[in-house]
Asks: 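One structure is given below, represented as structure tokens, and several questions about it will come after.
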Amino acid sequence: MAFSDSDCLRARADFPALERTLGGRPLAFLDGPAGTQVPAAVIDAVSGYYRSSNANTHGQFVTSRESDETLLTARRAMAAFLGAPDWRTISFGQNMTTLAYSLAHAFGRLFRPGDEVVITQLDHEANRGPWLGLEERGVTVREVALVPGGTLDMAGFAAAVCERTRLVAVGSASNALGTVNDVAAVRALCREVGAWLLVDAVHHAPHFPQDSSALDPDFLLCSAYKFYGPHVGVLYTRPGLLEELPVDRLRVHDTAAPWRIETGTLNHAALAGVTAAVEYLASWGQGDALRARVVSAMTGIAAYEHGLAAEYFEPVREVPGVPV
Ligand SMILES: Cc1ncc(COP(=O)(O)O)c(C=O)c1O
């Protein structure tokens, strides 16, 4: 799909927040990393859940069955969005940070003193803090440096990953600088030593099509509020891996993926909104299956945003002292 400025204007009409004015003037929302506004379809899905299906899961009555369906549909939608092999790879949580801490608790029980974890200086604190906490368990945390130009020191990356490395945590794109990292190269480094790869796709997922099946990370995290959805964290786990993790869980809780790492009752209404967000994005794409429409839409969005970025950088390059 190729998008034009008129498509962009058409899309604005889908977002009620963009109608808001202050002192008679329209508001401009420039705080991209803080999250996107949501289209009416997402707002309707969230309120629609409360209007008609509000219940807990696993009951033998209509609203409970609808709630089960709401969750399953959200997992299917996110599997389509992430290019994941099936809905069982998709777990939900409060946000990316909380899911990362849940994983860190499990890793803390598994990793031994002398084991190593590799993180980067370019990453959001949510993809650093949980793993730095493993130092309390005697785990060594190595940091890959950020070099001038705003990229990661890839030679340093290769040097940091070794036979003792259990986990490499890296972002696919930086929310601070916009740098897109060569995560496939990091995947190859992890393979050489048998380390797990954890990808923070929170900033990448709103801007590029995701393909978990091709990249094959062990863990990939993102946050629906960055791509027109509600505040929900999403975890993709490689098939079969979640069951191996000693996560925090109640004794009565389901031990299988994707439920294993989900504690307590999820935000069902928000998950109805997650499905609506994926479907909204897909409505801008072409194809028969949801996955095909998502990829088509995200490819078009990436190209359109590249054009916008080029327009922005052209004059900025001329400003003395501004490194671009
Ligand atoms: C790159 C990146 N990673 C992680 C996070 C944390 O996500 P959450 O707010 O879902 O915990 C953010 C939030 O801005 C982010 O930009």
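Both counts, for ligands and for their atoms, begin at 1 and track the order of listing.
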Asks: List ligand 1 atoms under 4.0 Å from A126, heavy atoms only on the residue side.
Replies: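 Near A126, the atoms of ligand 1 are 4 (C), 6 (C).
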Asks: Less than 3.5 Å between some nitrogen or oxygen of M96 and one of ligand 1, yes or no?
Replies: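 It does: an N or O of M96 is found under 3.5 Å from an N or O of ligand 1.
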Asks: If you measure every N or O of Y225 against every N or O of ligand 1, does any of those distances drop under 3.5 Å?
Replies: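 Yes, since at least one N or O of Y225 sits under 3.5 Å from an N or O of ligand 1.
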Asks: Verify the neighbour count for atom CZ of R137: are there more than 12 heavy atoms of other residues, nucleotides or ligands below 6.0 Å?
Replies: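 At most 12 heavy atoms, drawn from other residues, nucleotides or ligands, come within 6.0 Å of this atom.
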Asks: Got a sec: does the CG of D288 have more than 12 other heavy atoms crowding it under 6.0 Å?
Replies: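 Atom CG in D288 is not crowded, with 12 or fewer foreign heavy atoms closer than 6.0 Å.
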Asks: For the residue pair H231 and Y225, categorise the inter-ring angle as parallel (less than 30°), tilted (30 to 60°) or perpendicular (more than 60°).
Replies: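 It falls in the tilted class, 30° to 60°.
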Asks: Within the structure, is a non-hydrogen atom of H231 found at a distance of less than 4.0 Å from ligand 1?
Replies: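 Under 4.0 Å: no for H231.
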Asks: Can you find an N or O of S223 that's nearer than 3.5 Å to an N or O of ligand 1?
Replies: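 Yes, S223 has an N/O under 3.5 Å of an N/O on ligand 1.
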Asks: How about F227 and Y280: are their ring centres within less than 6.0 Å of each other?
Replies: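 No, the ring centres sit 6.0 Å or more apart.
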Asks: Looking at K226, which atoms of ligand 1 are within less than 4.0 Å of one of its heavy atoms?
Replies: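 Contacts of ligand 1 toward K226, numbered from 1: 13 (C), 14 (O), 16 (O).
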Asks: Got the closest protein heavy atom to atom 15 (C) of ligand 1, with its distance?
Replies: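 Closest protein heavy atom to atom 15 (C) of ligand 1: H124 CD2, 3.2 Å.
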Asks: Under 30°, 30 to 60°, or over 60°: which ring-plane class applies to F107 and F111, parallel, tilted or perpendicular?
Replies: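 F107 vs F111 ring planes: parallel.
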Asks: Given D123, N95, D200, V234, which one has a non-hydrogen atom that is nearest to atom 1 (C) of ligand 1?
Replies: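 Among D123, N95, D200, V234, the closest heavy atom to atom 1 (C) of ligand 1 comes from D200.
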Asks: Taking 4.0 angstrom as the limit, do E243 and R260 come out as a salt bridge?
Replies: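 R260 and E243: not salt-bridged.
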Asks: One thing to verify: whether D218 and R238 come together as a salt bridge, which I'm taking to mean a side-chain N less than 4.0 angstrom from a carboxylate O.
Replies: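 Answer for the salt bridge query: yes.
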Asks: With heavy atoms of T97 as the reference, note each atom of ligand 1 found under 4.0 Å away.
Replies: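 Near T97, meaning under 4.0 Å from one of its heavy atoms, ligand 1 has 6 (C), 8 (P), 11 (O).
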